[in-house]
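Written out below as structure tokens is the structure these notes cover.
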Amino acid sequence: MTVSTRYPHLKADFTASLVVFLVALPLCVGVAVASGVPAELGLITGIVGGIVTGLMRGSSLQVSGPAAGLTVLVYEAVRAFGLPVLGVVVLATGVLQIAMGALKLGRYFRAISVSVVEGMLAGIGLVLIAGQLYSLVGAKAPESGLGKIAGLPEAFVDALGSTRALASLALGAGTVLVLVFWRRLPGRVRVVPAPLAAVGLATLAALVFGAPVATVEVSGLLGSIQPPSLDAFGELAGVGLLGTIVAFTLIASAESLFSAAAVDRMHDGPRTAYDKELVAQGAGNAVCGVLGALPMTAVIVRSSANVQAGARTKASRVLHGVWLLLFAALLPGVLAYIPIPALAGVLVHAGAKLIPVRALVTLWREHRGEVLVVVVTAVSIVAVSMFEGVLVGLALSVMKTAWDASHIKLDVIDKGAGPIQAYLSGNATFLRLPKILDSLEALPADRPVELDLSGVHHLDHACRTALENWAARHSSAGTEPVKVTAA
């Protein structure tokens, strides 16, 4: 039996793995640098995402690794608790994901409002762009999201008077332009993935022109591995850390499973088993936590590149992890030549893609309430923090759903003589109570009323009590008692 007979898709998967490796390499490094951790930790997460998660069942063509969507949350966690505690957070996240997958809760993540997820990603994108724009000019970004946005004009004005800042800005802007226009080049050129081409050209330009810009600091793969200490586990007693773990778990799980649904639409192969995929993501995060690396999620950019490159089985994503491991082990010094503004440009472009501009335009035409959820969630994340912003979005989504579900209609028939007939139908909840009472109280006080509730599907306690009080008041005006047909 030949190799081609035993592994019929080996050639396609091998080629796809190289493409995904070339896409993942600059993104792994860029996400790590933007998160405020050593660049090698991003590579470690990419390696684990390829080899550990890649070998497990769930989604056959989805590729996992460090994601731009968690950059802001990781940065905040490292700033608040320190790098040694990051491993504890990621390990706990992995354990929770495994537990949720074992309890078959993965499918329920599909019940999360898409508008909340889009708002979450938009908020992350805005904070990510704002923060990385400072890196484009070699400046230090403020801590808060609003501070980042408010300080941008001053940062760019200051950059105009600095040769170093202008050189950094030129490299970063050039990187963004390459990423934007790369897809318009001939197909033979586009064989090289856009992120790799953009970072490679920026690195070459920095070397040729001797640009005075900051580059990636390299400490070696083994030197970057920092398993969490026993003291770090003691931080689990703090409410703040527990909230961060919950945020990591919810956001990483939702992003991975939404990505899986998107990848399933790109190919005709086996569909995603959501609970198994959640276990796979959890196993990967548990290993990353033990190694003190970044958290992982399924990443739509790498996953779509995998599908478009012709991958047929999970071998492609496993091999991409092997290539990352070989690069990190054999060529770590290459990272030291990569300019920080080039990586910032990659993340500015990635952040912009997180903002669903086209989807918002479509939603505005059809479901304006959903646009409100997206915008409020995004603004809350920028103004407060990731965790609180997502909670605000979820609360608003639930309120909107309750409002939409509480449709009520009041039909009044007045024949000029005899009792006025009022027919109430729909769902009578406290949300619609003002509308119901306004209509009933507008009825003539000196006429008898027959209130028919047989068309009401749901009558909550607040509405029932309010209707009884209205009927008592109307009857006390000297008219016949209100006749009510029960729901």
Side-chain angles (χ1 to χ4, degrees), residues 1-29 42-67 94 97-98 101 106 190-196 221 255-257 259-288 291 293-294 296-331:
M1 182 180 292
T2 64
V3 174
S4 60
T5 304
R6 189 172 182 182
Y7 304 102
H9 305 303
L10 181 59
K11 182 178 179 181
D13 288 334
F14 180 83
T15 303
S17 73
L18 291 174
V19 172
V20 178
F21 160 68
L22 295 175
V23 171
L25 179 60
L27 291 174
C28 287
V29 177
L43 290 175
I44 292 171
T45 299
I47 293 166
V48 174
I51 297 176
V52 176
T53 303
L55 282 171
M56 299 184 72
R57 295 180 178 180
S59 176
S60 59
L61 299 182
Q62 183 163 254
V63 183
S64 300
Q97 287 181 310
I98 293 172
R190 286 187 282 109
V191 170
V192 181
L196 182 69
L221 189 64
E255 191 170 344
S256 294
L257 297 182
S259 173
V263 173
D264 280 350
R265 292 195 290 268
M266 298 179 186
H267 66 88
D268 299 323
R271 304 294 91 181
T272 296
Y274 285 90
D275 296 319
K276 292 179 180 178
E277 178 63 17
L278 195 54
V279 171
Q281 294 293 325
N285 272 319
V287 174
C288 287
L291 298 175
L294 292 173
M296 75 166 61
T297 72
V299 187
I300 191 63
V301 174
R302 272 159 264 187
S303 302
S304 60
N306 191 37
V307 174
Q308 292 166 7
R312 303 296 298 275
T313 72
K314 61 184 178 182
S316 61
R317 61 187 191 180
V318 175
L319 284 173
H320 119 274
V322 173
W323 308 143
L324 284 173
L325 176 60
L326 291 175
F327 175 87
L330 302 177
L331 300 170

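Index from 1, following the sequence.
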For [X] and [Y], work out which heavy atoms get closest and say how close.
| X | Y | answer |
| --- | --- | --- |
| Gly310 | Ala12 | O-CB, 3.5 Å |
| Ala293 | Ile44 | CB-CG2, 3.8 Å |
| Ala305 | Val23 | CB-CG2, 4.2 Å |

TODO: Answer yes if the side chains of Gln281 and Thr53 hold a donor-acceptor pair under 3.5 Å, and no otherwise.
DONE: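 No, no side-chain donor-acceptor contact under 3.5 Å.
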Are any non-hydrogen side-chain atoms of [X] and [Y] less than 4.5 angstrom apart?
| X | Y | result |
| --- | --- | --- |
| Arg302 | Leu27 | yes |
| Val63 | Val299 | no |
| Val322 | Ile51 | yes |
| Val263 | Thr272 | no |
| Gln62 | Glu277 | yes |
| Leu43 | Leu25 | yes |
| Gln97 | Asn285 | yes |

Just how far is it from atom [atom1] of [X] to atom [atom2] of [Y], taken to the nearest 0.5 Å?
| X | Y | atom1 | atom2 | answer |
| --- | --- | --- | --- | --- |
| Ile47 | Leu324 | CD1 | CG | 6.0 Å |
| Ser64 | Arg317 | OG | CZ | 6.5 Å |
| Leu61 | Thr313 | CG | OG1 | 7.5 Å |
| Cys28 | Phe21 | SG | CZ | 9.5 Å |

Are any side-chain N or O atoms of [X] and backbone N or O atoms of [Y], one a donor and one an acceptor, separated by less than 3.5 Å?
| X | Y | value |
| --- | --- | --- |
| Thr45 | Pro66 | no |
| Asp13 | Arg312 | yes |
| Ser256 | Ala298 | yes |
| Lys314 | Ser60 | no |

- [ ] Carefully, step by step, assess Val19 and Asn306 under the rule side-chain contact (heavy atoms from CB on, under 4.5 Å).
- [x] CA-CA 7 Å; Val19 172; Asn306 191 37; over 6 Å; no
TODO: Assess whether atom CZ of Arg271 is packed by more than 12 heavy atoms of other residues, nucleotides or ligands within 6.0 Å.
DONE: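 Yes, the 6.0 Å shell around CZ holds more than 12 heavy atoms from other groups.
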Task: For Leu319, all residues meeting side-chain contact (heavy atoms from CB on, under 4.5 Å), sequence neighbours excluded - done: Phe14, Ser17, Trp323
